[in-house]
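Everything below concerns the one structure shown next.
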Amino acid sequence: MITDTAAATRAADLSSSARAGDRRSLARLLTAVENRSTVAEHAMRLLYPLAGAGHLVGITGPPGAGKSTLVAALIAELRQRNRTVAVVAVDPSSPITGGALLGDRVRMQAYSGDDGVFIRSMASRGHAGGLAATSTAAATVLDAAGFDVVLLETVGTGQSEVEVAAAADTTVVLEAPEMGDEVQAIKAGLLEVADIVVVNKGDRPGAQRTASQLRAMLNPTIGRDGQDPPRPAPKRPEVLITTAVNGEGITELLAALDHHRAAASDGTTTEARRARAAAQVRAVVVERLWERLGSGSLAPTTQDVIEEVATHELDPYAAADRLLAVLGQSEAEGREHQEVSE
């Protein structure tokens with residue numbers, strides 16, 4: 001088992017090499033992040049303060065909308081403008097190995113020899129919301145490594161893929177024309193997180209009609225003063241039409257992405273970045289609390305509580321309250337012991 005000192009040294013070496021342009025070190029660093037190793041934690045401590053300059057763009061939408069084709073077209077457009085780009089493409093997990101099942105890198109082999117492009121497929125490993133549990137950390141590493149744009153492509157499982165909105169500065173939701181029930185295509189959940197809506201496969205019949213319906217639906221009604229209860233202001237996403245397979249509309253999409261980025265870069269912390277920060281801190285807090293409850297003297301109590309929940313003798317809410325109380329008591333006893341020792 002690697003010692004903490006060795007892990008810190010390894011993280012420093014990999015981080016320095018990755019920022020210097022060594023793609024092999026960057027790949028190893030992302031593997032450490034995906035495996036949630038001690039090396040990854042030390043690396044994140046070093047790299048997080050260096051991130052924030054890149055534009056994190058989430059690409060989501062239902063299967064068949066053409067997400068991977070759009071990502072490839074965006075890469076081509078960005079490289080024409082001499083901008084570096086990294087892709088985190090989340091795929092379904094193999095039921096045997098747990099690895100990425102589809103591997104979006106296969107679709108983007110044209111860029112395998114381009115030093116300005118880095119593509120990483122990650123397995124969702126059962127994580128809901130369209131992203132892998134470590135996607136945000138991976139995007140942070142790529143951001144700190146100096147990429148101008150980081151594209152986060154979700155797994156493509158349907159209307160539940162709203163997690164990407166908390167991981168990206170700009171969220172692009174893809175729809176395709178003539179995909180069945182019109183109402184199904186414009187369900188609120190996924191579209192409500194969109195900063196930009198793209199009707200892809202614009203060469204198909206019905207593309208203009210789908211875009212018009214989306215524009216009408218996404219134009220929120222004006223509340224009646226004093227009569228309607230206050231509610232969060234909905235987004236007013238721009239609706240664009242692209243044909244990613246031949247590059248039509250990609251220039252306009254990149255312009256919209258740059259415009260959204262510029263509008264958010266006014267010197268204040270954007271809501272998207274606050275949400276991402278909260279999600280990152282929450283994930284670490286939950287993981288560390290669970291590790292503490294499952295180790296040392298607290299482990300038997302935790303296992304007993306889990307057993308009570310499994311047998312329906314205790315509900316999960318009461319179980320959580322009990323474990324938090326036990327954890328608080330343990331910390332108080334630890335402080336008292338420290339004061340006596342001093």
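No experiment lies behind these values; they were computed from the predicted model shown.
No side-chain donor-acceptor contact under 3.5 Å links R292 to the backbone of L327. S16 contributes no side-chain N or O that, together with a main-chain N or O of D13, makes up a donor-acceptor pair within less than 3.5 Å. D143 places a side-chain N or O within 3.5 Å of a backbone atom of G54 that can act as its donor or acceptor partner. Side chain of S330 to main chain of V326: no donor-acceptor pair is present (N/O by atom type, distance under 3.5 Å, no hydrogens or angles). Remark: side-chain polar atoms of K201 are not paired, donor with acceptor, to backbone N or O of G66 under 3.5 angstrom. In this structure a side-chain-to-backbone donor-acceptor pair under 3.5 Å is missing from N35 to S37. In this structure, R28 contributes its side chain and L14 its backbone to no donor-acceptor pair below 3.5 Å. Panel note: side chain D22, backbone A18; no donor-acceptor pair is recorded below 3.5 Å. No donor-acceptor distance shorter than 3.5 angstrom exists from the side chain of N200 to the backbone of L174, with no hydrogens or angles considered. Under a 3.5 Å cut-off, the side chain of S25 and the backbone N or O of S17 do not form any donor-acceptor pair.
The closest side-chain heavy-atom distance from R81 to T251 is below 4.5 Å. Counting heavy atoms from C-beta on, the side chains of T302 and W290 come closer than 4.5 Å. With a 4.5 Å cut-off on side-chain heavy atoms, V57 and V149 count as touching. A heavy-atom distance below 4.5 Å is not found between the side chains of E153 and L70. In this structure the side chain of L142 reaches within 4.5 angstrom of the side chain of L30, judged on heavy atoms. T60 has its side chain out of reach of V172: every pair of non-hydrogen atoms, C-beta onward, lies at least 4.5 Å apart. The side-chain heavy atoms of I196 and L253, taken from C-beta on, include a pair separated by under 4.5 Å. By the 4.5 Å heavy-atom criterion applied to side chains, L26 and F147 are counted as neighbours.
Using a 4.5 Å cut-off between side-chain heavy atoms of Ile, Leu, Val, Met, Phe, Trp and Tyr, with links allowed through other members, V281 and L289 fall into the same hydrophobic cluster.
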**Asked** What's the verdict on side chain to side chain contact (heavy atoms under 4.5 Å, CB included) for T242 and V198, showing C-alpha distance, side-chain angles and the deciding distance?
**Response** CA-CA 7 Å; T242 65; V198 173; 3.2 Å; yes
**Request:** Evaluate the criterion side chain to side chain contact (heavy atoms under 4.5 Å, CB included) for residue pair D115 and T84; output intermediate values, then yes/no.
**Result:** CA-CA 8 Å; D115 289 339; T84 56; over 6 Å; no
**Message:** Evaluate L74 against V85 for side chain to side chain contact (heavy atoms under 4.5 Å, CB included), listing each step before the verdict.
**Reply:** CA-CA 9 Å; L74 274 173; V85 55; over 6 Å; no
**Prompt:** Under the side-chain hydrogen bond (donor to acceptor under 3.5 Å, both in side chains) criterion, do T31 and R120 qualify, and how do the steps go?
**Reply:** CA-CA 10 Å; T31 298; R120 177 76 175 208; 2.9 Å; yes
**Message:** Between H55 and V150, does the side chain to side chain contact (heavy atoms under 4.5 Å, CB included) criterion hold? Intermediate values first, please.
**Reply:** CA-CA 6 Å; H55 187 187; V150 179; over 6 Å; no
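Atom CG in D304 sits 9.0 Å away from atom CZ in R322 (nearest 0.5 Å). To the nearest 0.5 Å, atoms CD (E308) and CD1 (I306) are separated by 11.0 Å. Here the straight-line distance linking atom CG of L151 with atom NZ of K67 works out to 13.5 Å at 0.5 Å rounding. Atom OG of S15 sits about 5.0 Å away from atom CG of L29, to the nearest 0.5 Å. Here NE2 of H259 is found 10.5 Å from OG1 of T170. Values are rounded to the nearest 0.5 Å. Taking CG from D195 and CG from L257, the interatomic distance works out to 9.5 Å, rounded to the nearest 0.5 Å.
Residues P62 and E175 approach most closely at CG-OE1, 4.1 Å, considering heavy atoms. When all heavy atoms of I241 and A207 are compared, the closest pair comes out as CD1-O, 4.1 Å. Summarising the geometry of A12 relative to L46, their closest heavy-atom pair is CA-CD1, 3.7 Å, with the distance given to 0.1 Å. The shortest heavy-atom contact between M44 and A137 is SD-O, 4.0 Å. Of all non-hydrogen atoms in V309 and A319, the two that sit nearest each other are CG2-CB, 3.5 Å. For the residue pair P237 and A194, the shortest heavy atom distance occurs at CB-O, 3.6 Å.
A search for side chain to side chain contact (heavy atoms under 4.5 Å, CB included) contacts involving T243 returns D203, V245, N246, E248, not counting sequence neighbours. The side chain to side chain contact (heavy atoms under 4.5 Å, CB included) check on E238 picks up L240, A256, with sequence neighbours excluded.
R83 has a carboxylate O that lies under 4.0 Å from a charged side-chain N of D258, or vice versa, which qualifies the two as a salt bridge. Ion pairing between R282 and E287 fails under the 4.0 Å rule for side-chain N and carboxylate O.
Atom CZ of R24 has 12 or fewer neighbouring heavy atoms from other residues, nucleotides or ligands inside a 6.0 Å radius.
Looking only at atom types and distance, the side chain of H260 has no donor-acceptor partner in the side chain of D169 under 3.5 Å away.
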